[in-house]
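Below is one structure, written out as structure tokens, with a few remarks after it.
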Amino acid sequence: MHKIDIDLIEMTMDVMKYVIDRLSSTKNKIGKPKKEEELKALVGETITKKGIGGEQAFKLWKKYLTKSNVPIDHPRHLAFVPASPTRAAVMFDLVTSASSIHGAYWMEGAGGIFCENEAMRWIVSLTGMPEGAFGVFTSGGTAANLSAIVTAREYWRSLKEQNKEEKGLIITSIGAHSSIKAMAKVADIDVLLVDTEDRLEADALRITINNLTPHQKQRLFAIVATGGTTNAGIVDDLEGIASICEKENLWFHIDAAYGGGALVADSVRHLFKGIEKADSITIDPHKWMFSPYDCGAVIYKKPELAKQAHSQEGSYLDIFKDEGAHGFNPSDYQIQLTRRVRGLPLWFSLATHGTNRYKQAVERGIALAQIAGKIISDMPHVELVREPSLSCVLYRRIGWLPDDYKHWTYENHEKGFALVTPTKWKIGDTFETVSRFCFINPDTTEKDIKMILNSMV
Ligand SMILES: *Cc1c(COP(=O)(O)O)cnc(C)c1O
């Protein structure tokens with residue numbers, strides 16, 4: 001055996017050992033952030049003409065670099081929207097990489113795309129969208145939102161010659177995720193915000209539409225509702241908004257990047273009534289469907305409209321569209337050409353565990369939010385800002401100013417104890433700084449919650 005082969009085998013064993021340790025460990029620390037200069041001083045030059053060798057690079061990774069990351073699945077990581085990929089999904093992420101699959105076209109990636117589509121069929125079934133609705137996996141919610149908005153805009157432009165000259169306009173609320181505004185910028189679309197961070201109600205939307213100038217009205221082509229706001233877990237009035245979209249002939253996009261996972265949970269499914277009427281939906285399996293990063297999804301009621309907007313033309317691409325290569329080409333339905341079959345780890349995990357386990361795990365996140373709400377109500381030094389919604393809890397430490405929240409966050413992070421970050425909540429015309437939990441990891445315990453709250457005394 002050549003030396004290189006022995007090295008490769010050793011490296012493989014090392015990597016597998018690391019992966020197994022990481023997956024079976026229940027006591028990971030929350031990593032501590034370090035400045036770039038500090039990291040550089042610890043690891044020195046790693047990119048050199050001759051290479052420092054895999055063994056050395058891996059050693060540096062284990063000894064210094066990995067400790068500067070926050071494991072997103074830590075049970076006391078309750079900031080932003082955490083994640084908690086299943087072990088099965090993580091293991092199959094390795095298989096996905098090792099299999100070197102080009103996930104753009106069926107011709108090359110049939111086996112992988114078949115699996116993605118099986119997982120996608122389950123996700124679509126959760127939405128209750130009509131026969132023919134289907135979707136593709138994307139790099140995340142941002143890419144899914146962009147793909148959907150561009151599809152909607154191109155469809156609108158195809159309806160009337162006059163629309164081709166116009167800059168499109170969409171309406172959403174201030175509870176919408178920042179990526180909606182960011183992606184509207186990318187697509188050169190104007191955004192009008194209904195001034196509420198609470199549930200976007202049909203009435204408020206109707207008033208906003210009625211107040212548009214005739215020209216704005218002509219440019220308006222889509223409404224974006226949120227199925228679980230990132231900040232507070234609020235689901236907009238999807239049913240009411242759907243009726244308005246139908247009446248006004250507007251595209252109805254629902255951004256359920258975070259909340260979409262809750263469609264599987266019987267206890268909250270009723271909140272999403274009306275989601276089946278959407279023209280497009282964003283759901284992030286890397287948030288509440290326990291997939292490793294990165295994995296988003298966009299679903300269309302009429303996928304052929306997405307194809308009209310996104311299918312790329314090029315002489316070297318023609319072969320993929322031939323009869324001989326016939327099959328589902330994920331690249332036709334979103335912004336990316338070459339793509340990882342990023343739905344593959346989700347497929348393996350779903351196949352391994354069954355969908356009931358997903359239901360249980362999501363219900364646990366919702367239950368944890370309720371449990372936290374109860375504990376907060378019982379403690380004298382903290383109080384709820386609003387009732388928990390989905391798996392989000394907004395609460396205040398009575399008497400604290402914004403800087404107190406900030407220092408508390410940094411201190412807990414520095415100790416490797418927890419990552420819980422402040423947010424702002426709009427009350428009347430003012431934004432109050434408050435604390436926020438978002439539960440995803442079903443292994444978070446009541447004790448974790450109490451420990452965190454006690455550290456605020
Ligand atoms: C997280 C989130 C996004 C952005 O998704 P990425 O996967 O981070 O690109 C969009 N919308 C909502 C509601 C989100 O919670």
Side-chain angles (χ1 to χ4, degrees), residues 70 72-73 77-85 89 123 127 135-150 152 170-187 189 191 193-194 196-200 222-236 238 241 252-263 268 271-272 275 278 280-299 334-336 339-340 342-343 345-346 362 365-366 369 389-394 421 423-424 436-440:
V70 175
I72 197 85
D73 55 348
H77 178 306
L78 306 175
F80 318 113
V81 177
S84 179
I123 298 175
T127 67
V136 284
F137 293 99
T138 63
S139 62
T142 303
N145 283 335
L146 178 59
S147 299
I149 290 172
V150 168
I170 61 175
I171 297 179
T172 188
S173 78
I174 59 170
H177 189 263
S178 52
S179 63
I180 299 295
K181 276 178 270 176
M183 292 306 101
K185 206 185 284 175
V186 170
I189 290 163
V191 184
L193 298 175
V194 179
T196 177
E197 208 189 332
D198 226 311
R199 190 169 188 255
L200 175 59
I223 306 297
V224 177
T226 310
T229 60
T230 320
N231 203 23
I234 297 164
V235 183
D236 290 340
L238 304 181
I241 297 168
F252 183 26
H253 177 67
I254 299 174
D255 181 3
Y258 151 63
L263 289 168
V268 295
L271 299 174
F272 293 88
I275 196 171
S280 52
I281 303 175
T282 290
I283 296 179
D284 264 356
H286 68 206
K287 280 182 176 158
W288 217 354
M289 285 183 179
F290 313 104
S291 282
Y293 293 140
D294 44 20
C295 184
V298 57
I299 304 166
Q334 42 79 47
I335 57 169
Q336 205 175 356
R339 64 182 281 282
R340 180 180 181 81
R342 47 171 51 85
L346 174 63
V362 172
I366 295 165
S389 193
L390 298 185
S391 67
C392 289
V393 184
L394 298 185
T421 47
T423 187
K424 289 196 175 77
R436 170 180 171 277
F437 292 149
C438 180
F439 297 99
I440 297 286

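Quantities reported herein were computed from a predicted structural model and do not represent experimental measurements. First listed ligand is number 1; within each ligand, the first listed atom is number 1.
With a 4.5 Å cut-off on side-chain heavy atoms, M289 and I123 count as touching. Between P85 and D73, the closest side-chain pair of non-hydrogen atoms falls below 4.5 Å.
Take H286 and apply the ring pair (Phe, Tyr, Trp, His ring centres under 6.0 Å) test, not counting sequence neighbours, and it matches Y293. Take D255 and apply the side-chain hydrogen bond (donor to acceptor under 3.5 Å, both in side chains) test, not counting sequence neighbours, and it matches N145. Scanning for side chain to side chain contact (heavy atoms under 4.5 Å, CB included) contacts around A297 gives M120, F137, P285, with sequence neighbours left out.
Under 4.0 Å from any atom of ligand 1, one finds heavy atoms of residues G140, G141, T142, N145, H177, S179, T230, D255, A257, Y258, D284, H286, K287.
Looking at H253, its side chain does come within 3.5 Å of a backbone N or O of S280 through a donor-acceptor pair.
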